[in-house]
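Quick note: numbers below take in every heavy atom, side chains included, and nothing from hydrogens, waters or symmetry partners.
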Amino acid sequence: MTEVPRQDANHGGGWPRGSFLGRLSEAALDDLLALGRPRTFEAKDVLIRQGDTDRYSLLLLSGFTKVTATVENGQESLLAIRLSGDIVGEMAAVGDMPRSATVTACGRVSARAVSHEALRAFLLRCPDAAVELTRIVSERLRWANSRRLEFRGYSVKERLARILVDLVSAHGRPGRDGMDLEFTLTQPELAALTGAAEPTVHKALKELRDARLISTGYRTTTIRSLDRLRAEARLLP
């Protein structure tokens, strides 16, 4: 059996604990990673395409991807970010439905493709893993529902602060001046996640920088004070 790497360069102790792979037991992880076949994608390669009817899931071993969807008028919306340790394509593979979104590589991505038959068989023999996958899907649905409510009840700056808190909590690592995000989002992408116009997001970012809650540079975003950013987002401690 070919040995599959258990970590990327950013995670010396394994995948993030909040990710699907990071939640599995050693035995379940060994079983799952032995399934499927290795795949490698370069920047802008499409891993999964909205509307397709193929049946497989991808386990992201390294790199990160963006999840987008296009509505009837042709407008594209950024729905989520998926990083190493995450699973993508599981809804179509398990539910026998067309793909609901497109997943695109942001830089080099290594993954493992698992057929829906193999994934289902794995979940049947590893009920703990099935529970964790159900939790993952539930958390993603809850996050999507929260975003819909936030669009109505919070200002753009508060929505942006909430997005940044979510991202750094799941994908941040300690840095010199605070918590660094492991990837960089452009202002148009932040605008898509926040549901606001790009100039408004630009203004909100400036206000967060001026308040020394965040700092940004070339391909970097640092949360300087997570507690203060949570307060700005009107999140409970």
Next on the checklist: Quick one about Tyr154 and Arg162 (side-chain donor to acceptor, distance below 3.5 Å, no hydrogens or angles considered), yes or no?
Outcome noted: yes
Item to check | Counterpart residues, side chain to side chain contact (heavy atoms under 4.5 Å, CB included), relative to Asp54 (two or more places apart) | outcome: Asp52, Tyr56, Arg99
Checklist entry - Is there side-chain contact between Leu21 and Leu32, with at least one heavy-atom pair below 4.5 Å? => result yes
Checklist outcome for this item: Of all heavy-atom pairs linking Phe20 and Ala129, the shortest is CE1-O, 3.8 Å
Item to check | Residues, nucleotides or ligands: over 12 heavy atoms within 6.0 Å of Arg49 CZ | outcome: no
Checklist entry - Do Leu60 and Leu47 have side-chain heavy atoms sitting under 4.5 Å apart? => result yes
Next on the checklist: Any side-chain to backbone donor/acceptor pair from Trp15 onto Leu61? Under 3.5 Å, distance only.
Outcome noted: yes
Next on the checklist: Are the side chains of Ser100 and Gln50 in contact, using a 4.5 Å heavy-atom criterion?
Outcome noted: no
Next on the checklist: How close do Ala191 and Val201 get, counting heavy atoms only, and between which atoms?
Outcome noted: CA-CG2, 3.6 Å
Checklist entry - Same hydrophobic cluster for Leu160 and Trp143, using side-chain heavy-atom links shorter than 4.5 Å among ILVMFWY? => result yes
Checklist entry - Is there a path of hydrophobic side-chain contacts, each under 4.5 Å between heavy atoms of I, L, V, M, F, W or Y residues, that connects Phe122 with Ile136? => result yes
Checklist entry - Can you pull the salt bridge (Lys or Arg N to Asp or Glu O under 4.0 Å) pairs that have at least one residue in residues 32-46, sequence neighbours excluded? => result Glu42-Arg108
Checklist outcome for this item: So NZ of Lys203 and CG of Leu205: to nearest 0.5 Å the spacing works out to 12.5 Å
Checklist entry - Would you say the side chain of Asp31 lies within less than 4.5 Å of the side chain of Arg125, judging by non-hydrogen atoms? => result yes
Checklist entry - Can you name the nearest heavy-atom pair linking Arg55 to Met97, along with the distance? => result NH1-O, 3.2 Å
Checklist entry - Looking at side-chain heavy atoms only, is the closest gap between Leu235 and Val165 below 4.5 Å? => result yes
Checklist entry - Under 3.5 Å, side chain of Asp166 to main-chain N/O of Ile163, donor-acceptor pair present? => result no
Item to check | Rounded distance (nearest 0.5 Å) linking atom CZ of Arg230 with atom CD of Glu232 | outcome: 13.5 Å
Item to check | Candidate pair Arg23 and Glu139, rule salt bridge (Lys or Arg N to Asp or Glu O under 4.0 Å), full reasoning | outcome: CA-CA 14 Å; Arg23 300 182 187 201; Glu139 289 166 6; 2.7 Å; yes
Checklist entry - So do the side chains of Leu164 and Ile223 get within less than 4.5 Å of each other, counting heavy atoms only? => result yes
Checklist entry - Under 3.5 Å, is there a donor-acceptor pair between the side chain of Arg112 and the main chain of Leu35? => result yes
Checklist entry - Which atom names give the shortest non-hydrogen contact between Val114 and Ala118, and what distance separates them? => result CG1-CB, 3.8 Å
Item to check | Heavy-atom pair with the smallest gap, counting every atom of Thr216 and Ile214 | outcome: CG2-CD1, 4.3 Å
Checklist entry - Taking atom CD1 of Ile48 and atom CZ of Arg82, what is their separation to the nearest 0.5 Å? => result 11.0 Å
Item to check | Leu59/Leu33 under side-chain contact (heavy atoms from CB on, under 4.5 Å): CA gap, chis, key distance, verdict | outcome: CA-CA 8 Å; Leu59 307 172; Leu33 291 180; 4.2 Å; yes
Item to check | Step-by-step side-chain contact (heavy atoms from CB on, under 4.5 Å) determination, Ile81 to Thr65 | outcome: CA-CA 6 Å; Ile81 304 295; Thr65 64; over 6 Å; no
Next on the checklist: Test your reading of the model: is there a side-chain donor-acceptor pair from Arg224 to the backbone of Leu229, 3.5 Å cut-off?
Outcome noted: no
Checklist entry - So does Arg212 have more than 12 non-hydrogen atoms from other groups sitting under 6.0 Å from CZ? => result no
Next on the checklist: Let me check something: do Leu181 and Val67 share a hydrophobic cluster, defined by ILVMFWY side-chain heavy atoms less than 4.5 Å apart, either directly or through other members?
Outcome noted: no
Item to check | Rounded distance (nearest 0.5 Å) linking atom OG1 of Thr221 with atom CZ of Arg209 | outcome: 9.5 Å
Checklist outcome for this item: dist Met179:CE -> Ser225:OG (nearest 0.5 Å) comes out at 12.0 Å
Checklist entry - Does the side chain of Ser110 come under 3.5 Å of the side chain of Ser62 through a donor N or O and an acceptor N or O? => result yes
Checklist entry - With distance as the sole test, does Thr194 use its side chain to make a donor-acceptor pair with the main-chain N or O of Leu190 at under 3.5 Å? => result yes
Checklist entry - Out of curiosity, does Val103 fall in the hydrophobic cluster containing Ile87 (side-chain heavy atoms, cut-off under 4.5 Å, transitive links)? => result no
Item to check | Thr222-Asp177 side chain donor-acceptor pair, cut-off 3.5 Å | outcome: no
Checklist entry - Do Arg140 and Glu90 have side-chain heavy atoms sitting under 4.5 Å apart? => result yes
Checklist entry - Taking all atoms of both residues into account, what is the closest heavy-atom pair of Asp86 and Ser19, and its distance? => result OD1-CB, 3.7 Å
Next on the checklist: Taking the side chain as everything from C-beta on, heavy atoms only, tell me whether Leu24 gets closer than 4.5 Å to Asp128.
Outcome noted: no
Item to check | Residues Thr40, Val109; criterion side-chain contact (heavy atoms from CB on, under 4.5 Å); working and verdict | outcome: CA-CA 6 Å; Thr40 300; Val109 171; over 6 Å; no
Item to check | Joint hydrophobic cluster, Val88 plus Leu119, side-chain heavy atoms closer than 4.5 Å | outcome: no
